[in-house]
Asks: 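For reference, the structure I am asking about is given below.
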Amino acid sequence: MGVPGYLLWRGPDALTSLFKLLMLALIGWVQLLPMLQSLMLLLIIGSWVSMFAQSHNLAMLCRDWINLLLGPLRRYPLRIGMFDLSPIVFFFAIGLVHAILMSILVAAYNSLS
């Protein structure tokens with residue numbers, strides 16, 4: 001994806017430049033989705049560490065944030081024995097949504113050129 005060196009704000013290209021700017025802003029927001037994956041991974045590791053360190057406060061913090069991020073997936077529990085597969089579905093869903101949105105936004109941005 002090429003980032004423009006200049007944006008024209010006068011004449012007939014002003015609307016195109018505005019749409020390019022909006023596309024770049026949306027692309028920036030979509031780039032936050034992989035950060036959610038990293039946050040989830042840190043929370044899962046933190047919940048494991050809290051079990052071994054017997055830190056009740058860390059366990060509560062991790063559990064609250066995990067429940068916040070996995071809220072919609074918790075309605076339909078995905079369990080195999082004692083293992084909860086909701087975080088795995090979360091990772092795949094966020095990765096898929098990120099890839100789809102980025103391809104759409106980059107294609108739309110390139111079509112404005």
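From a predicted model like this one, the values you see are computed outputs, not experimental measurements. Count residues from 1 along the sequence.
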Asks: Where is the tightest heavy-atom contact between Leu33 and Val97, given as atom of each residue plus distance?
Replies: CD1-CG1, 3.9 Å
Asks: Applying side-chain contact (heavy atoms from CB on, under 4.5 Å), name anything that partners Leu26, two or more places apart in sequence or on another chain.
Replies: Leu105
Asks: At what distance, to the nearest 0.5 angstrom, does CG of Leu70 lie from CZ of Phe90?
Replies: 6.0 Å
Asks: Do Trp65 and Leu32 belong together in a cluster built from hydrophobic side chains that touch within less than 4.5 Å?
Replies: no
Asks: Would you mind listing every salt bridge (charged side-chain N to carboxylate O under 4.0 Å, His left out) that reaches into residues 21-32, with sequence neighbours excluded?
Replies: none
Asks: Looking only at heavy atoms, which two atoms of Gly95 and Gln37 are closest? And how far apart?
Replies: N-NE2, 3.4 Å
Asks: Can you see which heavy atom on Ile44 is nearest to which on Pro87, and at what distance?
Replies: CD1-CB, 3.7 Å
Asks: For the hydrophobic clusters of this structure (ILVMFWY residues joined by side-chain heavy atoms under 4.5 Å, transitively), does one cluster hold both Ile66 and Phe83?
Replies: no
Asks: Which residues pass the side-chain contact (heavy atoms from CB on, under 4.5 Å) test with Ile80, sequence neighbours left out?
Replies: Leu85
Asks: Determine, using the 4.5 Å side-chain heavy-atom cutoff (strictly less than), whether Trp29 and Met35 are members of one ILVMFWY cluster.
Replies: yes
Asks: Can you tell me if Phe19 has over 12 outside heavy atoms packed within less than 6.0 Å of its CZ?
Replies: no
Asks: Are Leu73 and Tyr76 linked, directly or through intermediate hydrophobic residues, by side-chain heavy-atom contacts shorter than 4.5 Å (ILVMFWY only)?
Replies: no
Asks: What residues, two or more places apart in sequence or in another chain, satisfy salt bridge (Lys or Arg N to Asp or Glu O under 4.0 Å) together with Arg74?
Replies: Asp84
Asks: Is Ile100 isolated, or which residues cluster with it under the ILVMFWY side-chain rule of less than 4.5 Å, directly or via members?
Replies: Leu96, Ile104
Asks: State, yes or no, whether a side-chain contact exists between His98 and Gln31 at a heavy-atom distance under 4.5 Å.
Replies: yes
Asks: To the closest 0.5 Å, what do you measure between CZ (Arg63) and CG (Leu43)?
Replies: 12.5 Å
Asks: When rounded to the nearest 0.5 angstrom, what is the spacing between CZ in Phe91 and CG in Leu41?
Replies: 5.0 Å
Asks: Roughly how far apart are His56 NE2 and Met60 CE, rounded to 0.5 Å?
Replies: 5.0 Å
Asks: Drop me the distance from Leu101's CG to Ser103's OG, to the nearest 0.5 angstrom.
Replies: 7.5 Å
Asks: Got a sec, which pairs hit side chain to side chain donor-acceptor pair (under 3.5 Å) with one end in residues 40-52, sequence neighbours left out?
Replies: none
Asks: With sequence neighbours left out, which residue pairs that include part of residues 45-54 fulfil the salt bridge (charged side-chain N to carboxylate O under 4.0 Å, His left out) condition?
Replies: none
Asks: Can you tell me how far the CE atom of Met40 sits from the CG atom of Leu69, to the nearest 0.5 Å?
Replies: 4.5 Å
Asks: Can you list the residues that meet the side-chain contact (heavy atoms from CB on, under 4.5 Å) rule with Phe92, with sequence neighbours excluded?
Replies: Ile88
Asks: Under 4.5 Å between side-chain heavy atoms, chaining through other members, with only Ile, Leu, Val, Met, Phe, Trp and Tyr counted: pull out the rest of the cluster around Phe52, sorted by chain and number.
Replies: none
Asks: Could you check whether any side-chain heavy atom of Val89 comes within less than 4.5 Å of a side-chain heavy atom of Leu78, counting everything from C-beta outward?
Replies: yes
